[in-house]
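Numbering starts at 1 and runs along the sequence shown.
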Amino acid sequence: MLDQLFEPMVLGGQTLPNRFVLPPLTRSRAQADGVPTPLMVEYYRQRAGAGLVISEGTVVSPQGSAYAQVPGMYTAEQVEAWRPVVTAARSKGAAVYAQLWHVGRQAHSCVQPDGCPPLGPSPIAISGWEYRSPDGPVPFEVPRELSQEGIAEIVGQFATAAQNAAAAGFDGVELHAANGYLFDQFFNSSSNQRSDQYGGTIENRLRFLFEVIEAVSGIIPVNRIGVRISPSSSWMDVSDPDKRSLYSALVRGVNERGLAYLHMVEPGIAGAVDALADPNAIQSAELSELFDGPVIVTGGHTPQTAAAAVGSGSADLVGFGRLFIANPDLPRRIRNGADLADLREEGLYAGGPAGYTDYPELQSSN
């Protein structure tokens with residue numbers, strides 16, 4: 001049954017050697033200015049056995065960041081430093097995509113370049129969560145409502161970041177439209193109460209994403225652009241009374257545009273911890289039926305459940321987050337029936353090699 005995970009497939013005109021995905025995983029090892037480091041080169045080299053490698057979330061502007069030591073894609077120095085990372089990530093035949101990211105209202109004035117509150121679709125603060133500032137947890141601030149000119153500026157930032165990703169050698173890009181970040185804030189009515197063409201109807205709330213897709217597709221072929229969504233998540237206070245209609249419309253719209261893939265966070269992950277027991281949870285298989293292209297599912301999978309998803313046709317590729325952190329050569333271990341290492345909490349976010357590049361790979365039998 002596990003053999004299905006090792007079947008090649010074509011994505012965006014490229015043949016992937018297997019169905020394993022290294023999904024976006026924030027590890028906070030970039031420099032303070034968002035420049036990737038040599039340690040990141042080694043980290044991605046170790047995990048290059050995936051068929052598809054998607055970079056950690058990479059911000060499109062200083063204003064789009066909320067956390068220390070996350071990489072960016074908006075300066076020449078960042079682009080130059082990404083090149084050896086991409087080379088390492090594709091060293092075993094993987095396709096390599098950059099995940100482009102803007103956090104919107106999940107940021108805080110203490111990390112904004114102008115010292116002002118972050119930007120969002122509407123002036124509605126995140127409730128029920130706290131921002132982890134350098135001085136400890138603090139309440140999220142009421143964001144500044146984006147003007148239409150501000151939205152257009154961010155659309156341009158995504159296009160520039162896509163151009164920079166291509167210059168760095170990435171094969172494609174993924175738009176991070178999940179987990180309550182800026183795109184997700186526009187989708188959901190709890191965070192988007194605008195009365196212009198970006199608010200109100202589902203069509204209007206999806207407009208920002210589709211404008212970014214259009215802008216990015218002028219630089220990257222549309223069949224090399226993916227989108228990641230989290231339909232059952234309420235992470236960071238994004239909710240809507242009819243998520244099923246909302247995300248069904250989103251998937252249909254993405255499908256019409258011929259994108260490389262649809263990447264879905266499974267129910268039960270990232271703020272939807274009770275979703276598996278919720279009869280109204282939106283299962284990935286339900287939305288995958290609306291999408292004609294390749295589907296990626298990520299969240300809590302074992303090799304066995306991943307193979308079952310691929311075998312049933314509900315997914316084409318499967319992302320393994322925690323397993324890939326603890327087992328850098330995960331496909332090889334599964335192929336050989338080797339034991340899988342457990343994840344250590346040490347070094348998950350920030351630090352040096354410990355908990356990042358010091359997980360051992362299998363020793364060669366030669």
Legend entry - Distance, nearest 0.5 Å, that separates CE of M73 from CD of Q99: 10.5 Å
Legend entry - Cation-aromatic face contact R335/F6, 6.0 Å, 45 degrees: yes
Legend entry - Distance-only donor-acceptor check, side chains Y261 and E174, under 3.5 Å: yes
Inset, instruction - Under the side chain to side chain donor-acceptor pair (under 3.5 Å) rule, collect the residues that match up with Q69, sequence neighbours excluded. - result: none
Legend entry - Salt-bridge criterion met for D184 and R205 (N-O under 4.0 Å): no
Inset, instruction - Treat each ILVMFWY residue as a node, draw an edge where side-chain heavy atoms are under 4.5 Å apart, and state whether L317 and L323 are in one component. - result: no
Inset, instruction - Answer yes or no: is there an ion pair linking D339 with R333, defined by an N-O contact shorter than 4.0 Å? - result: no
Legend entry - Donor-acceptor contact present, side-chain D329 to main-chain E361, <3.5 Å: no
Inset, instruction - Using a 4.5 Å cut-off on heavy atoms from C-beta on, say whether the side chain of Y247 contacts that of L287. - result: yes
Inset, instruction - For D33 and Q31, test the side chains for any donor-to-acceptor distance below 3.5 angstrom and give the result as yes or no. - result: yes
Legend entry - L262 vs I229 side-chain heavy atoms within contact, under 4.5 Å: yes
Inset, instruction - Using atom types as modelled and distance alone, determine if a side-chain donor or acceptor of Q185 lies under 3.5 Å from a backbone N or O of G180. - result: yes
Inset, instruction - Answer yes or no for R257 and F210: cation-pi contact, defined as NZ/CZ to six-membered ring centre under 6.0 Å and angle to ring axis within 45°. - result: yes
Inset, instruction - Give a yes or no on whether the backbone of Y43 and the side-chain of R47 come within a donor-acceptor separation of less than 3.5 Å. - result: yes
Inset, instruction - Determine yes or no for a side-chain-to-main-chain donor-acceptor pair under 3.5 angstrom, with R224 supplying the side chain and D171 the backbone. - result: yes
Inset, instruction - Mark yes or no: R344 above the aromatic ring of Y359, with NZ or CZ under 6.0 Å from the six-membered ring centre and no more than 45 degrees from the axis. - result: yes
Inset, instruction - Could you pull out the closest heavy-atom pair between P143 and S122, with the gap in Å? - result: CG-O, 3.3 Å
Legend entry - R252-N255 side chain donor-acceptor pair, cut-off 3.5 Å: no
Legend entry - Within one Ile-Leu-Val-Met-Phe-Trp-Tyr cluster: L25 and Y67, side-chain cutoff 4.5 Å: no
Inset, instruction - Determine whether the side chains of N192 and N188 contain a donor N or O and an acceptor N or O closer than 3.5 Å. - result: no
Legend entry - Interatomic distance, E266 atom CD to T298 atom OG1 [nearest 0.5 angstrom]: 8.0 Å
Inset, instruction - Just do the ring-ring contact (aromatic ring centres under 6.0 Å, His included) check on Y198 and F208 with the steps written out, would you? - result: CA-CA 7 Å; Y198 294 97; F208 172 49; 7.2 Å; no
Inset, instruction - Side-chain contact test, heavy atoms from C-beta onward, threshold under 4.5 Å: evaluate it for W82 versus S55 and give yes or no. - result: yes
Inset, instruction - Fit a plane to each ring of Y181 and W101, take the angle between them on a 0 to 90° scale, and name the class: parallel (under 30°), tilted (30 to 60°) or perpendicular (over 60°). - result: perpendicular
Inset, instruction - Determine, stepwise, if the pair D342 / R322 fulfils salt bridge (charged side-chain N to carboxylate O under 4.0 Å, His left out). - result: CA-CA 9 Å; D342 293 327; R322 299 170 77 85; over 6 Å; no
Inset, instruction - Kindly give the heavy-atom pair with the smallest separation between S65 and V70, and that separation in Å. - result: OG-CG2, 3.4 Å
Inset, instruction - Test R105 against E141 for salt bridge (charged side-chain N to carboxylate O under 4.0 Å, His left out), laying out the working first. - result: CA-CA 8 Å; R105 67 175 185 167; E141 300 164 312; over 6 Å; no
Inset, instruction - Measure from the side-chain N and O atoms of R29 to the backbone N and O of R27, and report whether any donor-acceptor pair falls under 3.5 Å. - result: yes
Inset, instruction - Taking all non-hydrogen atoms of both residues into account, name the closest pair between P62 and P113 and its distance. - result: CB-CG, 3.7 Å
Legend entry - Pairs touching residues 296-354 that satisfy ring-ring contact (aromatic ring centres under 6.0 Å, His included), sequence neighbours left out: F20-F320
Legend entry - Polar contact flag, side-chain donor to acceptor under 3.5 angstrom, S189-D240: yes
Inset, instruction - Examine distances only and state if a side-chain atom of T201 and a backbone atom of N204 form a donor-acceptor pair shorter than 3.5 Å. - result: yes
